[in-house]
Amino acid sequence: MILNELAITPELVAQHGLTPEEYRRILDLIGREPSITELGIFSAMWNEHCSYKSSRVHLRTLPTKAPWVIQGPGENAGVIDIGDGLACVFKMESHNHPSYIEPYQGAATGVGGILRDVFTMGARPIACLNALSFGDPKHPKTRHLVAGVVAGIGGYGNSFGVPTVGGQVRFHTRYDGNNLVNAMAVGLAETDKIFYAAASGVGMPIVYLGSKTGRDGIHGASMASAEFGADAEEKRPTVQVGDPFSEKLLLEACLEIMAKGCVIAIQDMGAAGLTCSAVEMGAKGGLGVTLDLDKVPCRETAMTAYEMMLSESQERMLMVLKPEKEQEAEAIFRKWGLDFAVVGETTPSMRFIVCHQGVQVVDLPIKELGDEAPVYHRPFVETPKPPVIRAEDVYAPVPLAETLETLLATPDLCSRRWVWEQYDHVIGGNTVQRPGGDAAVVRVDEGPKALAMTADVTPRYCEADPFEGGKQAVAEAWRNLTAVGARPLAVTDNLNFGNPERPEIMGQLVGCIRGIAEACTALVFPVVSGNVSLYNETKFAGEESGRAILPTPTIGGVGVLDDFAISATLAFKAEGEAILLVGATQGWLGQSLYLRDICGREDGAPPPVDLAAEKRNGDLVRALIGERIATAVHDVSDGGLLVALAEMAMASGIGAQLDASPSDIPAHAFWFGEDQGRYALTLRANAVAAVVARAQAAGIPLRHLGTTGGDALTLPGERHMLAANLRQCSESWLPAYMAGGPA
Amino acid sequence: MKARITVTLRAGILDPQGRAIEGALRSLGIAGVASVRQGKVFDIELEGTDRGAAEAALKDAADKLLANTVIENYRVEVVG
Amino acid sequence: MKARITVTLRAGILDPQGRAIEGALRSLGIAGVASVRQGKVFDIELEGTDRGAAEAALKDAADKLLANTVIENYRVEVVG
Amino acid sequence: MKAVVLVFPGINRERDMARTLELVAGAKPAMVWHAERELPAGTDLVVLPGGFSYGDYLRCGAIAARAPIMEAVRRHAECGRLVLGVCNGFQILCEAGLLPGVLMRNAMLKFICRDVYLRVERSDTPFTRGYNAGQVIRVPVAHGEGNYIADGATIARLEGEGRVLFRYASPDGMIDPNWNHNGAINAIAGILNARGNVLGMMPHPENHVEAAMGSTDGRGLFAGLVDHLERAA
Ligand SMILES: Nc1ncnc2c1ncn2[C@@H]1O[C@H](COP(=O)(O)OP(=O)(O)O)[C@@H](O)[C@H]1O
Ligand SMILES: [Mg+2]
């Protein structure tokens, strides 16, 4: 019999983020009033973050299978086969709200959490990426958030000892009260040594490992699912502090006991800590679990059962060990100076039972805790399609050269060096392509195999047309992997949206997922893991409803290179090489950075993605890299063609003489339009004819753009654009801004 | 005027620094250490002689920059 | 017993952090800051009740680990 | 060459270092746990690798410098045998008193990871015989606290005795504040002890020993050590 130490009032139910209907469902399920600890457990298991109640029906439509997928969504991270008995384990996760409240620790613990997801599966992390969205540079909080988040990501990853090799940074006023921090980790394991969460065997000891439990982040999981009110800064929820040192020890200890064959099941304690991890271990294994909280190592005195079950203290794990190996495992953990305690056991009962100070405080059906979580088919309205903007109707205010220099120095296009120089991107000795290129390339052990990775999304496209925007995010990730010569294999997604209870936000989520599903299917680029972050909106005083972020479905893509020596980088390699453009150009200015940052208009339909053309174009480019014909490759994305060519010139110091634009497209639309599915590449002059013939045979548009050489980009009728000057434009803004300079 | 602002972690907030130091002191054979928490001090020299104004400015400095009041407490002393 | 060890940089040792904070305070519009130097405090709980022994142990801790006496000074206070 | 790599909790470049030693010297180094009290018999070279020992939570390298194995390292150095500390290893050697001075926070107060240029000041030491004096090499740095300082007398002595082996420089070997990313006094990137058998340096030569990783400029340091020890044997 569970005694109620506290009467469960409607207010208490509401404070736990549960609706009256959800509470009724709980009463039906257990046939009595829950104890306060049980209520806390339901609130943790049934909140958006853990149950995916708003997104689940739509996530099911994502393609998750391919012959190389070993583990799709449903475990701590996705697993794909990369050949030679090796698997790549990866996932992305958001730590948005915590990073707004306390940017350094919020971002740091976000990195810590995703690293744990990866090494929990038996993989040694080999790289991290991150996708960051901040508010308007002019907003008074933005600098502080950028400084803190970047330092936090670096602070954790650098100390833990994983190279942070890539990511994204953007600024937009719609992130003013809700910056986004999406962290991705990639690890390596042997295909036959992957570890899962499902417990097996009755009467098996459940072991608690890692750091001690404190009152960190209680209500954190619920916080991550509740819309921010104007008083968010006053509430000051408990912030978790990251301890990368302990996590590094935890990594080494876990990998050591896994290698010694001690582990049956393992689950990290992430959001809603002990509750989620214990319930998942039992439910996935078809077993009950009994926990004795008196055995849990605590950092603070007089912790209640409620607090222990909901604490989000970091750097902790739960494991089921082979009983005969328990002592060996304990010795390893002690050697690394980590806590080790048997806190419970598996049972045949299918009940989740928790005892504290001799009293049973929880007795719940374990399977139903997860399975019976509400699933909502929330009403949604589709985002109306915006009108297509004709290039002829866009007035070109300034000459091309000046436009290029202006664009290169904008917050969204300028160099991110200031950010990634704060991340150790060379540790491990395997970073073949460092940040700054299309995709990072990290050698696998001694090579020659390597992994390519990237994180992409263009939120302004998603806002204008969620379906096309969702497609574009996937296509761009695929394109970035292709541009270094890799075979794209699979993605992880991190879906960041506003309040799903608003039909127009739900419409964005549904539209983006449809677009992602369509692109992933067409490109055979399945989704193997991911995360959803909703309620990213802020209600400002006097406003009826919240102001949501731009829909931001970040796509993390991973691909493989059989030999890292046969890959491409974006820098021009030599003078006198031909520059070609693969893919069709129409001069698409709707939602382009040109339109926004030069013309001051943020409107129109985003560029559509033709997935068949995408695939054809990419396959040709990858083949040209594989045959060592293409000497430099860069995909054409944000900012358009001239920006892409400038990036190739800046990376090398070599310029180019460019041909005039075609007469049937306005010059500004040709050079700055954001048509999709395109790559700029260079070839030795004697290779051009054969490539032209190949493209023609495959029905792929190919256009001669010019010839490399000199120290400037030159265009007929325009002043010279010195590579060194362009670099100056590109490199200056962010460091100057962070030093207090103009926004 | 001289002042000192002392910033310490709030109770209950994890202090990885303190824990690592605790362990190190024990293994160095320093007896009887039950716990260590690490904090910061800022020794500040101020122009002017108005104590009240100085205290207000220091409080402002602590709130805006020196302490992260989500996880830290601070104390301001004007020492002379 | 509770004790506090305060570790500060020796005079003449450059303190880049203090400098940066100085600049930041000025740009936040906090008036009259002439200089800032940053240091550390360690709040230590000790077992036992012998004040003399505690002070000796703390001094030992500071010398052996908590301060780098090449660049830092320290002060030990048993506070209760 | 019989090399050992010390492993302190929180160290994270021990695998990079071990791989480089194996690549250049042809033999795997022994990995020695911080709690040991003895080095393997016949150890020629002790390497303290980079990382964040004990999280660098007190001062960089401070806690590791007091680990049991450090007594053995001290004895090893007193016998004139070789010790190399890189990054956190350099910080540990300073904290242990095996090298003078302190590594403070980088002048711009940020962690910096980038390739830097080092001017090799001397080639007549076991650590730099693989280079020419005045040669400029490109190697990565990755640290938040590499800003070397010491009191005036110590700096004068280091300079007077030619114990500064590496300085941050421009690509053509000029000493220039714009190329001194952490603000170290006299652009000092690496120093020797008085006896000339203990080197501490902030940059990571072990990360630049393969063309595939962008440069082999770090190789000379390890190749020189192998050569030195072979001749001595
Ligand atoms: N948007 C998504 N697309 C695909 N899979 C998802 C998505 N969101 C979550 N998942 C999967 O659902 C499972 C539960 O996710 P999550 O709760 O974030 O994991 P964790 O408990 O490790 O934090 C994971 O396997 C994750 O990969
Ligand atoms: Mg997990």
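Note that this is a predicted model, so its numbers are computed, not measured. Below, all heavy atoms of this structure are taken into account, side chains as well, without hydrogens, waters or symmetry copies. Numbers restart at 1 for each chain; the letters A, B, ... are given by sequence-line order, proteins then strands.
Interface remark: of the candidates B/M1, B/Q38, B/E22, B/K64, B/Q38 forms the most heavy-atom pairs closer than 4.5 Å to chain C. Per-residue counts of heavy-atom pairs under 4.5 Å with chain B were compared for C/A24, C/A34, C/G39; the largest is that of C/G39.
In this structure, the portion of B/L66 lying under 4.5 Å from any heavy atom of chain C is its side chain and not its backbone. Looking at B/T6, only its side chain comes within 4.5 Å of chain C, counting heavy atoms on both sides. In this structure, the portions of B/I44 lying under 4.5 Å from any heavy atom of chain C include both its backbone and its side chain.
Note that OG1 of C/T8 is 13.5 Å distant from CZ of B/F42, once rounded to the nearest 0.5 Å. For the atom pair CZ of B/R37 and CZ of C/R4, the computed distance is 12.0 Å after rounding to the nearest 0.5 Å.
Other residues, nucleotides and ligands place no more than 12 heavy atoms under 6.0 Å from the CZ atom of C/R75.
Of all non-hydrogen atoms in C/I30 and B/A57, the two that sit nearest each other are CG2-O, 3.8 Å. Annotation for B/V33 and C/E47: closest pair O-OE2, 4.5 Å, computed over non-hydrogen atoms.
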Mind running side-chain contact (heavy atoms from CB on, under 4.5 Å) on B/L65 and C/L25 for me, showing each step along the way?
-> CA-CA 8 Å; B/L65 183 71; C/L25 288 178; 3.7 Å; yes
